[in-house]
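Here is the naming used below: chain letters follow the sequence lines, and residue numbers restart at 1 for every chain.
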Number of protein chains: 2
Amino acid sequence: MATISDVARTAGVSPATVSRVFNGGRVTAERAERVRRAAADLGFSPNRVARSLRMQRASVIGLLIPDIENPFFTSLARGVEDAAQRTNLSVVLCNTDEDVDKERRYLDIALAEQMAGVIVAAASRKRTDLSALAARGMPVVAVDRRPRAAAVDAVMVDNQHGGEDATAHLLERGYERIACITGPAGASTSEDRLAGYRAAMHEAGVSGEWTRAHTRHADFRVDGGYAAMRELLALRTPPDAVFVANNLMTVGALQALREAGAEPPEFGILSFGDVPWASLVRPPLTTVQLPSYDLGASAAALLQDRLAGSDKPLQTVVLRTVLRARASTAGPGGGGEPA
Amino acid sequence: MATISDVARTAGVSPATVSRVFNGGRVTAERAERVRRAAADLGFSPNRVARSLRMQRASVIGLLIPDIENPFFTSLARGVEDAAQRTNLSVVLCNTDEDVDKERRYLDIALAEQMAGVIVAAASRKRTDLSALAARGMPVVAVDRRPRAAAVDAVMVDNQHGGEDATAHLLERGYERIACITGPAGASTSEDRLAGYRAAMHEAGVSGEWTRAHTRHADFRVDGGYAAMRELLALRTPPDAVFVANNLMTVGALQALREAGAEPPEFGILSFGDVPWASLVRPPLTTVQLPSYDLGASAAALLQDRLAGSDKPLQTVVLRTVLRARASTAGPGGGGEPA
DNA sequence: GGGTATTGAGAAATCGATTTCACGGCGCTC
DNA sequence: GAGCGCCGTGAAATCGATTTCTCAATACCC
């Protein structure tokens, strides 16, 4: 591979001049042209490793997500990737597995590799620690989940609104005893979606006692949703509908419903976040659609802005959800056709 | 961040000695101890960028996959990642989108970033060109799909055996007019699975003419499977079962079946590759399970072997599939219970 | 005891880019 | 015409590690 010195020699100039040609220094047109031609002839492309060493910054950004097998995050990842590609940044995808230790290791790598910046969907609101990065001046953007007390840019979903919307929809369709399966206590996504549910229930005149008794915290995984749904069905006053706060738990909840012989839409079920292959589920599922791709794209844009040196005050971008009504919430009367 | 010189100064030795302590040179025990303590005190960890520049090789490997949203590939990616992490390699995940140009760009980046090696699930058997990497001596492992005429290590699935197994299973369950929806002509996975199907049909005494007339090539995507299934159902001699050569196309095929009022298991359907949330599909789907995780893990192991300097002759590892019989192929008589 | 291996350790070169510094040439001002 | 400032340029320093080269000290052999 040709180096900058090779180009310089071929063009009859110094390496400094070659560098200036490509990085916007002042060079006379005639020389610049000679350099460009030499570079083209030799197929020169600057060694990114050497550049990183000198610049103390790589052209790679890290993307830390808690679960690579969750389609929500893969879609988010695509958003980041597509946006990053436009400015020649590469993306390193790191799967933290909802594990704070694994996450910490990846954050250390990001520092050691001197990545240009990091986009994080934090594994834990309390225990994810971004201070080391901030201390080294590495730009960080939080996405989907905001780590507590970290002064970083963020791109969030309007979870509370989404939860409220979803619950209101269930009420409107005639369900009366609506339960909620949300994520781990302490996760901002869990809490906000739950808050939306509570607000809508309160608005409808349901007692706080009732909603509390019909709320379950699970782990955002399939099995957690399954267990929570079984618990709810075993209550003395079982629900006639459930608002499930993420897609994977919905899959588990559906399984539990099926085993118990409860069939949507007599029993209403609504998922926060698209369930992949939703069309295969019978009846089709009503979902709160998350702007996962845009979440990623916005986060990347925000990061690039910082990389370009912007010192605007910290920003938080909030994206709205869209309710997609399908047959799984057609109403306890039965009837409804797939959309 | 502490540098190697800081450590050297603190320990009262030269940077060379510090390097030797960490990279296995000969150093007296007493000095080595001093260095280690100094390094620990300062929280020293070597700058990977500087190391890469000097060593002319990064501790990053590239993983090029054609579709990050296909669970088969995300699972494969996890296999690679888990294996790589054990030797402190980071993985850069690149989504080529089945697009040869995008793939080429990523391969160029791999060269420019001086990645240690690359694992590729090629976008095209004919047009994926790995020769530039080979020329630069960069280790390459092909996974799942073997690019034609490239002299690289490879980890493959025994697709033909899987296809044969699947088809034999359908025959055994009493289906008689078995169709096949396979992937793009030219892709090794498509061709091999198809070959397995043909072999089993031939073995069962079905004419080659019949099987050819009931074979469709699609694009490994949902929509392709849908269209192909509709075509098959419109034939004068429609099939009573179908072997679909990948998971996404199966989703599409199911949709088409449903619209046509054909219900498994009267109409048998069998998917090559696990369909995520398979349990949600009614009836549960019989699948040929692919060792996606192990595919990734083996590929990473092979690559690490090369990185360690192994010059064994080129290897191809072939992993077997496992048939998982469920209710969707219970037989045209109806009846069968979910497994 | 003299001469040769062997070993440990530091000085310095190296990887390939960017960037500072110094300098010569040119144009402008008074 | 002397002085000041700007511009384009190349030489050299720099980033932080690894590795070669060199040398001194010790061990070993006859």
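- Side-chain contact between Val35(B) and Val7(B): present, with at least one pair of heavy atoms (C-beta onward) separated by less than 4.5 Å.
- Panel note: side chain Ser298(B), backbone Asp294(B); a donor-acceptor pair is recorded below 3.5 Å.
- No donor-acceptor pair under 3.5 Å is formed between the side chain of Thr96(B) and the backbone N or O of Ala123(B).
- When each of Ser14(A) and Val18(B) is assigned the nucleotide of DNA chain D with its nearest heavy atom, Ser14(A) is the one assigned upstream, toward the 5' end.
- At least one side-chain heavy atom of Thr74(B) sits less than 4.5 Å from a side-chain heavy atom of Thr74(A).
- If you walk DNA chain C from 5' to 3' and mark each nucleotide with an atom closer than 4.0 Å to a heavy atom of chain B, the marks span dG8(C) to dG16(C).
- Among the protein residues, Thr3(A) comes within range of the sugar-phosphate backbone only, with heavy atoms under 4.0 Å from sugar or phosphate atoms but none that close to a base.
- Looking at Asp99(A) and Arg104(A), no side-chain N of the basic residue comes within less than 4.0 Å of a carboxylate O on the acidic one, giving no salt bridge.
- Listed by residue number, the members of residues 49-60 of chain A with any heavy atom below 4.0 angstrom from DNA chain D are Leu53(A), Arg54(A), Gln56(A).
- Taking 4.0 Å as the cut-off between side-chain N and carboxylate O, Arg145(A) and Glu103(A) do not count as a salt-bridged pair.
- Residues satisfying the side chain to side chain contact (heavy atoms under 4.5 Å, CB included) criterion with Ala154(A), sequence neighbours excluded, are Ala142(A), Arg146(A), Met156(A), Thr316(A).
- For the helix from dG1(C)-dC30(D) to dC30(C)-dG1(D), the rotation axes defined at the first and last 5 base pairs enclose an angle of 40°, given to the nearest 10°.
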What verdict does the salt bridge (Lys or Arg N to Asp or Glu O under 4.0 Å) test give for Arg9(B) and Asp6(B), after you've listed the backbone C-alpha separation in whole Å, the side-chain angles of each residue and the deciding distance to 0.1 Å? CA-CA 5 Å; Arg9(B) 208 170 316 116; Asp6(B) 298 333; 3.6 Å; yes
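- Here the closest non-hydrogen pair linking Ile4(A) and Pro15(A) is CD1-O, 3.7 Å.
- Under the 4.5 Å side-chain criterion, counting only non-hydrogen atoms from C-beta, Val118(B) is not in contact with Tyr106(B).
- A heavy atom lying under 4.0 Å from DNA chain C marks none of the residues of residues 35-46 of chain B.
- Between Arg78(B) and Asp97(A), at least one side-chain nitrogen of the basic residue sits less than 4.0 Å from a carboxylate oxygen of the acidic one, meeting the salt-bridge criterion.
- Note on residues 299-308 of chain B: pairs passing side chain to side chain donor-acceptor pair (under 3.5 Å), not counting sequence neighbours, are Thr87(B)-Gln304(B), Asp153(B)-Arg306(B), Asp305(B)-Lys312(B).
- Counting only N and O atoms by type, the side chains of Tyr293(B) and Asp82(B) include a donor and acceptor under 3.5 Å apart.
- Closest-nucleotide positions on DNA chain C for Pro15(B) and Ala16(A) were compared, and the one nearer the 5' end corresponds to Pro15(B).
- Ser190(B) contributes a side-chain N or O that, together with a main-chain N or O of Pro184(B), makes up a donor-acceptor pair within less than 3.5 Å.
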Return a table of donor-acceptor pairs under 3.5 angstrom between the side chains of residues 27-34 of chain A and protein atoms on other chains or two or more places apart.
unit_1, atom_1, unit_2, atom_2, d
Glu30(A), OE1, Arg34(A), NH1, 3.3
Glu30(A), OE2, Arg34(A), NH1, 2.9
Arg34(A), NE, Ala11(A), O, 3.1
Arg34(A), NH2, Ala11(A), O, 3.2

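- Partners of Phe72(B) according to the ring pair (Phe, Tyr, Trp, His ring centres under 6.0 Å) rule, which considers only residues two or more places apart in sequence or in another chain, do not exist here.
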Close N or O pairs between protein and nucleotides 21-28 of chain D (under 3.5 Å):
none

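- Under the rule for a ring pair (Phe, Tyr, Trp, His ring centres under 6.0 Å), Phe220(B) has no partner lying at least two apart in sequence or in another chain.
- Within residues 4-13 of chain B, the residues approached by DNA chain C to less than 4.0 Å at the level of any non-hydrogen atom are Val13(B), in residue-number order.
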Name the atoms and distances for all side-chain donor-acceptor pairs under 3.5 Å in residues 53-67 of chain B, with sequence neighbours left out.
unit_1, atom_1, unit_2, atom_2, d
Arg57(B), NH1, Leu307(B), O, 3.4
Ser59(B), OG, Arg48(B), NH2, 3.2
Asp67(B), OD1, Glu69(B), N, 2.9

